[in-house]
K.L.:
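Below you'll find the structure I mean.
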Amino acid sequence: MGLDMDLIVLMPFFNEEMQIPVTVERMIPLLDGLNLHYSLLMIDDGSSDGTWKAIEAAAREFPEKVRGISLSRNFGKEAAICAGLDTADADAVILMDGDLQHPPESIPEMLRLWREDGFEIVEGVKSSRGREGFFSKIQAKLFYGLFRRLSGYDLSDASDFKLLDRKVVAKWRMLSEHNTFFRGLSAWLGFKRTTFFFDVADRQTGKSRWKISGLIRLSVHAITSFSAIPLHLITLIGSVFLIGTLILVVQTLINYFSGEAASGFTTVIIVNLAVGASLMISLGLIGTYIALIFDEVKNRPRYIISEDTRSVRDLNIRPENATKGKES
Ligand code: UDP
Ligand code: MG
């Protein structure tokens with residue numbers, strides 16, 4: 001691996017002020033040892049604590065090695081990844097969690113698979129999920145099972161720990177959807193890909209930034225943006241009801257002609273409730289897709305960058321760029 005290659009390691013951070021120094025301290029010596037041009041691209045996803053200050057301090061300490069970008073508010077990890085991939089200009093980009101739950105020790109192996117074996121996407125697969133709660137394990141199983149059935153992509157134990165070749169990053173930028181699901185979309189992109197296994201490390205500071213509501217939102221979004229099968233399920237439910245209807249029509253008519261038509265109120269109530277519930281669920285399902293379309297047609301940017309430690313330094317050299325950061 002020579003100095004002709006450059007690498008960007010991209011990390012999103014949300015409220016991780018304690019973690020930043022730990023991460024920088026661990027990453028810099030490790031990356032220094034690789035003998036290639038690199039920089040650490042740290043995205044502050046609109047944190048409300050001192051994360052941005054910590055990133056700025058790291059960028060001041062290692063001006064050539066650390067670049068920080070701050071989003072104007074918390075846009076979510078997916079958007080932070082997009083901001084990073086749009087900014088990263090390098091032969092390879094490695095995306096990993098800022099909390100170092102993705103072990104940096106895997107980086108040399110990732111680079112080897114890319115450089116020597118010619119793989120364009122190198123993906124980390126969790127060989128163990130680390131210390132994760134029972135419910136989040138169940139939730140993950142459920143989500144990936146559903147995702148595989150509906151979209152045809154098996155992402156079980158997949159992670160966001162990936163190396164992407166420059167080519168892949170360029171194609172990623174051509175994807176126009178505003179709500180992204182990195183894991184799914186990077187599988188969709190294709191390219192020569194391989195996997196490596198890693199053990200999810202424990203967090204050294206803080207705790208998981210995900211709230212259950214955010215995970216549900218991401219799951220629903222991931223499934224609806226990769227599959228229209230739920231919509232077809234509505235037709236299926238309708239068909240099942242149609243069969244039920246035919247049976248009940250025959251029964252009701254027989255009762256009518258044999259003079260027993262007055263009874264059967266229980267049936268009416270049950271059928272009414274069943275039809276009502278399935279109609280509501282179907283409407284909700286269609287609504288979910290409409291919301292997705294609505295979100296897309298509004299065509300808002302995926303994220304807004306409010307600060308960039310590099311352009312701050314550029315500003316000192318080229319005053320004509322002074323308004324650059326404010327345009328976005
Ligand atoms: N993160 C982010 N924006 C968010 C939530 C999380 O940038 O809205 C970052 C977070 O700082 C961390 C990474 O994404 O570096 C993974 O998040 P977390 O550790 O909370 O998730 P988990 O490891 O539990 O999946
Ligand atoms: Mg984590």
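Order of listing sets the numbers, starting from 1, for every ligand and every atom in it. Keep in mind that this is a model prediction, so the values were computed, not measured.
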K.L.:
What atoms of ligand 1 come within less than 4.0 Å of a heavy atom belonging to Phe13?
P.N.:
7 (O), 11 (O)
K.L.:
Would you say the side-chain atoms of Asp165 pair up with the backbone N or O of Lys167, donor to acceptor, closer than 3.5 Å?
P.N.:
yes
K.L.:
Check this for me - ligand 1, Gly98, N or O atoms closer than 3.5 angstrom, yes or no?
P.N.:
yes
K.L.:
Just which atoms of ligand 1 are under 4.0 Å from any heavy atom in Asp99?
P.N.:
15 (O), 18 (P), 19 (O), 23 (O)
K.L.:
If we set the cut-off at 4.0 Å for heavy atoms, which region of Asp45 has an atom near ligand 1: side chain, backbone, both, or neither?
P.N.:
side chain
K.L.:
Starting from atom 1 (N) of ligand 1, what is the nearest protein heavy atom, named by residue and atom, and what distance separates them?
P.N.:
Phe14 CB, 3.8 Å
K.L.:
Report the nearest protein non-hydrogen atom to atom 21 (O) of ligand 1: residue, atom name, distance rounded to 0.1 Å.
P.N.:
Trp210 CD1, 3.0 Å
K.L.:
In the protein, what heavy atom is nearest to atom 6 (C) of ligand 1, and what distance, to one decimal place, separates them?
P.N.:
Arg209 CB, 3.7 Å
K.L.:
Specify whether an N/O/S atom of Asp99 falls short of 2.8 Å from the Mg ion (ligand 2).
P.N.:
yes
K.L.:
Which part of Lys77 is near ligand 1, with near meaning a heavy atom under 4.0 Å away: side chain, backbone, both or neither?
P.N.:
both
K.L.:
Counting C-beta onward and ignoring hydrogens, is there a side-chain heavy-atom pair between Leu36 and Leu111 closer than 4.5 Å?
P.N.:
yes
K.L.:
Check whether any side-chain heavy atom of Ile121 sits under 4.5 Å from a side-chain heavy atom of Leu163, and report yes or no.
P.N.:
no
K.L.:
Between Phe294 and Tyr289, is the gap from one ring center to the other below 6.0 Å?
P.N.:
no
K.L.:
Could you label the plane-to-plane angle of the Phe182 and Trp172 rings as parallel, tilted or perpendicular, counting under 30° as parallel and over 60° as perpendicular?
P.N.:
perpendicular
K.L.:
So, is Gly76 polar-close to ligand 1, with some N/O to N/O distance under 3.5 Å?
P.N.:
no
K.L.:
Is any side-chain heavy atom of Thr309 closer than 4.5 Å to a side-chain heavy atom of Trp52?
P.N.:
yes
K.L.:
Please check: side-chain N/O of Glu307 versus main-chain N/O of Ser70, any donor-acceptor pairing under 3.5 Å?
P.N.:
no
K.L.:
Give the residue and atom name of whichever protein heavy atom lies nearest to atom 23 (O) of ligand 1, and the separation in Å to one decimal.
P.N.:
Gln101 OE1, 2.7 Å
K.L.:
Select one of side chain, backbone, both or neither to describe which atoms of Asn74 lie under 4.0 Å from any atom of ligand 1, heavy atoms only.
P.N.:
side chain
K.L.:
Are more than 12 heavy atoms, taken from residues, nucleotides or ligands other than Phe191, located less than 6.0 Å from that residue's CZ atom?
P.N.:
yes
K.L.:
For atom 18 (P) of ligand 1, what is the nearest protein heavy atom, given as residue, atom name and distance?
P.N.:
Arg203 NH2, 3.5 Å
K.L.:
Can you tell me if Arg310 uses its side chain to pair, donor with acceptor, with the backbone of Ile69 under 3.5 Å?
P.N.:
no
K.L.:
Give the residue, atom name and distance (to 0.1 Å) of the protein heavy atom nearest atom 7 (O) of ligand 1.
P.N.:
Pro12 CB, 3.3 Å
K.L.:
Enumerate the atoms of ligand 1 whose separation from the nearest heavy atom of Glu16 is less than 4.0 angstrom.
P.N.:
10 (C), 11 (O), 12 (C), 15 (O)
K.L.:
To check your reading of the model: name the closest protein heavy atom to atom 24 (O) of ligand 1, its residue, and the distance in Å.
P.N.:
Ser208 OG, 2.6 Å
K.L.:
Atom 16 (C) of ligand 1: which protein heavy atom is closest, and how many Å away?
P.N.:
Asp97 OD2, 3.3 Å
K.L.:
Could you check if a side-chain atom of Phe241 sits within less than 4.5 angstrom of a side-chain atom of Val275, using non-hydrogen atoms only?
P.N.:
yes
K.L.:
Taking the six-membered ring for Trp and the full ring for Phe, Tyr or His, determine whether the centres of His102 and Phe198 are under 6.0 Å apart.
P.N.:
yes
